[in-house]
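Accompanying notes for the structure given below.
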Amino acid sequence: MRFIFLGVQGAGKGTQSKALATLLNIPHISTGDLLRLAKENETPLGLKAKEYMDKGELVPDALVLAMVRERLSQEDAQLGWILDGFPRNLYQVGALDGLLVGMDQPTYDRVIYLEVPDNIVSPRLLERAKKEKNRTDDNPEVISKRLQIYHEETAPLIDLYKKRKLLVSVNGNQLLEAVTADVQKAATYDDAL
Ligand code: AMP
């Protein structure tokens, strides 16, 4: 089973995609987490990525793609995975599709879209920023930059995957447990598509 999670920052994508990965016993692959780890460890990739992440911009496609290719080729990712935070623009969609063909992996089964209105997400992100003061990518200017980039570059993926009949929308603006239950249905029910 292979899934992509889509949704604006603060929609609960991280929490929900991790819960589904645990339930299905497949790896949760978050490009944001991998990049933050590289940044903390000051690897060559992390040092390059930092410049972009700290401004709320997307890290160049080539860097992210090489990282995803490496992660998807690991043994635990051969039978399934959940991608969280990737693809994030139209170029990455095509690149992922090509990557999977090249690696002889089946394509993803569904794209789960966590829908939460912007006016709910912004205060959530600011709250998170207050709690995690050390995260330079969560200050108010960076948050608004990230939201702008989401709308310009990532939101078009919603229509694309809808046209490909892969998109399943879940209302992310409910109690956490209700969202988790709906995500499970979206991922596993035959008629959810
Ligand atoms: P996230 O935790 O998914 O919001 O990611 C944190 C930051 O990592 C983003 O603001 C980007 O700078 C970078 N990033 C994560 N995923 C990608 C991606 N697929 N393409 C480019 N940059 C990414």
Side-chain angles (χ1 to χ4, degrees), residues 2-21 27-73 77 81-100 103 108 111-116 118 120-158 160-161 172 183:
R2 292 169 175 83
F3 299 100
I4 288 172
F5 266 70
L6 262 189
V8 70
Q9 292 85 348
K13 246 182 327 125
T15 308
Q16 295 299 340
S17 56
K18 272 184 216 151
L20 185 66
H28 165 254
I29 301 175
S30 153
T31 45
D33 285 353
L34 291 172
L35 289 167
R36 270 186 292 276
L37 190 69
K39 204 174 96 167
E40 272 161 37
N41 292 337
E42 300 184 345
T43 66
L45 166 69
L47 293 174
K48 276 192 221 141
K50 180 177 161 44
E51 300 170 37
Y52 300 90
M53 294 171 80
D54 289 354
K55 287 191 277 190
E57 292 171 6
L58 292 186
V59 172
D61 292 326
L63 295 179
V64 179
L65 270 167
M67 184 180 80
V68 170
R69 180 187 294 119
E70 210 229 296
R71 183 64 188 88
L72 289 182
S73 63
W81 37 253
I82 293 181
L83 279 176
D84 168 10
F86 180 92
R88 225 168 170 115
N89 59 29
L90 291 170
Y91 176 80
Q92 292 182 4
V93 172
L96 174 63
D97 293 344
L99 196 67
L100 295 174
M103 297 176 87
Y108 31 94
V111 177
I112 297 173
Y113 169 41
L114 272 189
E115 233 176 327
V116 177
D118 262 10
I120 306 277
V121 162
S122 299
R124 271 197 207 174
L125 285 173
L126 287 168
E127 197 51 42
R128 183 163 85 184
K130 266 194 251 157
K131 280 193 206 136
E132 302 177 38
K133 285 211 184 64
N134 56 338
R135 279 188 54 168
T136 41
D137 62 348
D138 262 349
N139 72 51
E141 298 87 74
V142 174
I143 287 171
S144 72
K145 181 77 191 167
R146 293 170 78 208
L147 289 176
Q148 183 202 335
I149 291 184
Y150 171 81
H151 288 293
E152 287 171 7
E153 300 207 31
T154 312
L157 274 54
I158 298 165
L160 178 101
Y161 285 131
V183 165

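Predicted, not measured: the structure shown is a model, and the values here were computed from it. Order of appearance sets the numbers: ligands from 1, and atoms from 1 within every ligand. Along the sequence shown, residues carry numbers from 1.
Only the side chain of L35 comes within contact range of ligand 1, with a heavy atom under 4.0 Å; no backbone atom does. Contact annotation: for V64 versus ligand 1, heavy atoms closer than 4.0 Å belong to the side chain alone.
Of all atoms in ligand 1, numbered sequentially from 1 with element shown, those under 4.0 Å from a heavy atom of T31 are 15 (C), 16 (N), 17 (C), 19 (N).
No more than 12 heavy atoms of other residues, nucleotides or ligands shown are found within 6.0 angstrom of CD on E42. Environment of CD in E70: sparse, with no more than 12 heavy atoms of neighbouring residues, nucleotides or ligands closer than 6.0 Å.
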Go through it in stages, so that I can follow the logic: the residues are L157 and V111, the test is side chain to side chain contact (heavy atoms under 4.5 Å, CB included), and I'd like the CA-CA distance, side-chain angles, deciding distance and then a yes or no. CA-CA 10 Å; L157 274 54; V111 177; over 6 Å; no
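Under the 4.0 angstrom criterion for non-hydrogen atoms, R36 is in contact with ligand 1.
Closest heavy-atom contact between S17 and G14: OG-O, 3.2 Å.
Nearest to atom 11 (C) of ligand 1 by heavy-atom distance, out of M67, Q92, E153, E57, is E57.
For a threshold of 3.5 Å applied to N or O pairs, the pair formed by F86 and ligand 1 contains no separation below that value.
Side-chain atoms of H28 and D33 form no donor-acceptor pair, as typed in the model, at a separation below 3.5 Å.
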